[in-house]
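Have a look at the structure below, then the notes.
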Amino acid sequence: MAFLENNRLRLRALEPEDLDVLYKWENDTELWRYGSTLAPYSRFTLKEYLADSRLDIYTSRQLRLMLTLKSGNIPVGTIDLYDFDPMNRKAAVGILIDKDYRQQGLASEALNLMEEYAFGFLMLKQLYAYVPERNVVSVRLFEHCRYKRTGHLIAWIKNNDVYEDTFFMQLINNK
């Protein structure tokens, strides 16, 4: 079984050539409210991150992959496994799709590819995500990909001066 690609998408390791697009995405202040970014990233910091991304998931406890369109090798987003817990066979998942490529089904395809990799190759028992309740598009995405809302975290994320609730969503590997 081939992992990490389908007819349209490829999930691949980060490359030094990805610096410019990562710099753009990581410094997009509109996206900061969905993660834990508090300040812009410098090119130097991102270069170091790219150099360290060669560490495997068992060492770094995280894995970031670039989503590229197979035709033209165009970067369209990233998908992450983080808080990797090999003992309990679980990891959190996060995804970013470039503004120009949203609403094309790429996020669903990427989550499905990551699921196949996580369950079929890493042999994980579960994937989970923290999804802000007001991020309706992401809630729908994860539900479409069979994630279940298993927790409701009250006032979990601060967005400007408002605390937002967050759903804890899980996908259990029952194979």
Side-chain angles (χ1 to χ4, degrees), residues 1-26 28 30-37 46 49-50 53-54 56-57 60-85 89-150 166-175:
M1 169 184 245
F3 296 106
L4 303 176
E5 66 180 65
N6 63 18
N7 292 337
R8 188 163 71 142
L9 265 186
R10 177 175 289 122
L11 280 58
R12 62 161 174 79
L14 297 176
E15 299 286 352
E17 297 78 29
D18 296 326
L19 177 63
D20 290 336
V21 73
L22 285 175
Y23 184 80
K24 172 186 156 190
W25 292 334
E26 292 294 345
D28 183 346
E30 290 180 24
L31 300 174
W32 289 2
R33 64 186 167 137
Y34 299 119
S36 57
T37 303
L46 290 172
Y49 174 76
L50 286 169
S53 69
R54 72 188 184 295
D56 73 26
I57 190 169
S60 66
R61 299 291 194 248
Q62 64 182 5
L63 173 67
R64 173 171 282 183
L65 297 173
M66 183 64 69
L67 280 59
T68 60
L69 295 178
K70 285 176 83 171
S71 62
N73 195 30
I74 300 166
V76 296
T78 60
I79 190 163
D80 299 89
L81 290 181
Y82 63 97
D83 290 344
F84 175 63
D85 179 349
R89 314 299 301 163
K90 63 184 176 182
V93 63
I95 188 165
L96 174 138
I97 301 293
D98 185 279
K99 292 175 192 175
D100 295 337
Y101 294 93
R102 293 181 187 159
Q103 303 299 315
Q104 297 178 29
L106 296 170
S108 296
E109 289 182 40
L111 278 173
N112 288 331
L113 289 170
M114 184 57 84
E115 173 191 337
E116 290 172 8
Y117 174 72
F119 294 162
F121 187 76
L122 295 176
M123 308 305 285
L124 297 186
K125 177 65 177 170
Q126 70 174 286
L127 294 173
Y128 62 91
Y130 295 96
V131 184
E133 182 178 42
R134 291 173 55 183
N135 189 344
V136 177
V137 172
S138 287
V139 171
R140 278 195 300 246
L141 165 68
F142 281 93
E143 287 179 336
H144 174 76
C145 291
R146 301 178 330 281
Y147 284 69
K148 305 289 183 221
R149 294 184 205 181
T150 58
T166 297
F167 293 126
F168 183 74
M169 303 181 79
Q170 292 175 279
L171 180 63
I172 307 295
N173 179 8
N174 289 316
K175 295 178 185 172

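Below, all heavy atoms of this structure are taken into account, side chains as well, without hydrogens, waters or symmetry copies.
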Testing the basics here: between [X] and [Y], what is the closest heavy-atom pair and its distance to 0.1 Å?
X: T78; Y: W25; answer: CG2-CZ3, 3.7 Å
X: A118; Y: L127; answer: CB-CD2, 3.8 Å
X: V131; Y: F142; answer: CG2-CD1, 3.8 Å
X: G77; Y: M66; answer: O-SD, 3.2 Å
X: P132; Y: V139; answer: O-CG2, 3.8 Å

Pair L67-Y101, side chain to side chain contact (heavy atoms under 4.5 Å, CB included): steps then yes or no: CA-CA 11 Å; L67 280 59; Y101 294 93; over 6 Å; no
Check: V137 and R102 side chains under 4.5 Å, non-hydrogen atoms: no
Check: L106 and L69 side chains under 4.5 Å, non-hydrogen atoms: yes
Interatomic spacing from [atom1] in [X] to [atom2] in [Y] - rounded to 0.5 Å:
X: E115; Y: L124; atom1: CD; atom2: CG; answer: 11.0 Å
X: N135; Y: R140; atom1: CG; atom2: CZ; answer: 9.5 Å
X: R134; Y: T166; atom1: CZ; atom2: OG1; answer: 11.0 Å
X: F167; Y: E133; atom1: CZ; atom2: CD; answer: 4.0 Å
X: L63; Y: M114; atom1: CG; atom2: CE; answer: 5.5 Å

Using modelled atom types and a 3.5 Å cut-off, is there a donor and acceptor pairing between side-chain atoms of [X] and backbone atoms of [Y]?
X: R89; Y: M123; value: yes
X: K70; Y: N7; value: no
X: K125; Y: K90; value: no

Could you pull out all donor-acceptor pairs under 3.5 Å where a side-chain atom in residues 9-19 meets a protein atom, sequence neighbours excluded?
unit_1	atom_1	unit_2	atom_2	d
R10	NE	E5	OE1	3.3
R12	NH1	D18	OD2	2.9
R12	NH2	D18	OD1	2.9
D18	OD2	E15	N	2.8

Worked check of side chain to side chain contact (heavy atoms under 4.5 Å, CB included) between R8 and V76: CA-CA 12 Å; R8 188 163 71 142; V76 296; over 6 Å; no
Verdict with supporting geometry, L141 and I95, side chain to side chain contact (heavy atoms under 4.5 Å, CB included): CA-CA 10 Å; L141 165 68; I95 188 165; 4.1 Å; yes
F168 and Y128 aromatic ring geometry - parallel, tilted or perpendicular at 30°/60° bounds: tilted
K148: salt bridge (charged side-chain N to carboxylate O under 4.0 Å, His left out) partners, not counting sequence neighbours: none
Pair L113-F3, side chain to side chain contact (heavy atoms under 4.5 Å, CB included): steps then yes or no: CA-CA 7 Å; L113 289 170; F3 296 106; over 6 Å; no
Within 6.0 Å of OH in Y82, more than 12 heavy atoms from elsewhere: yes
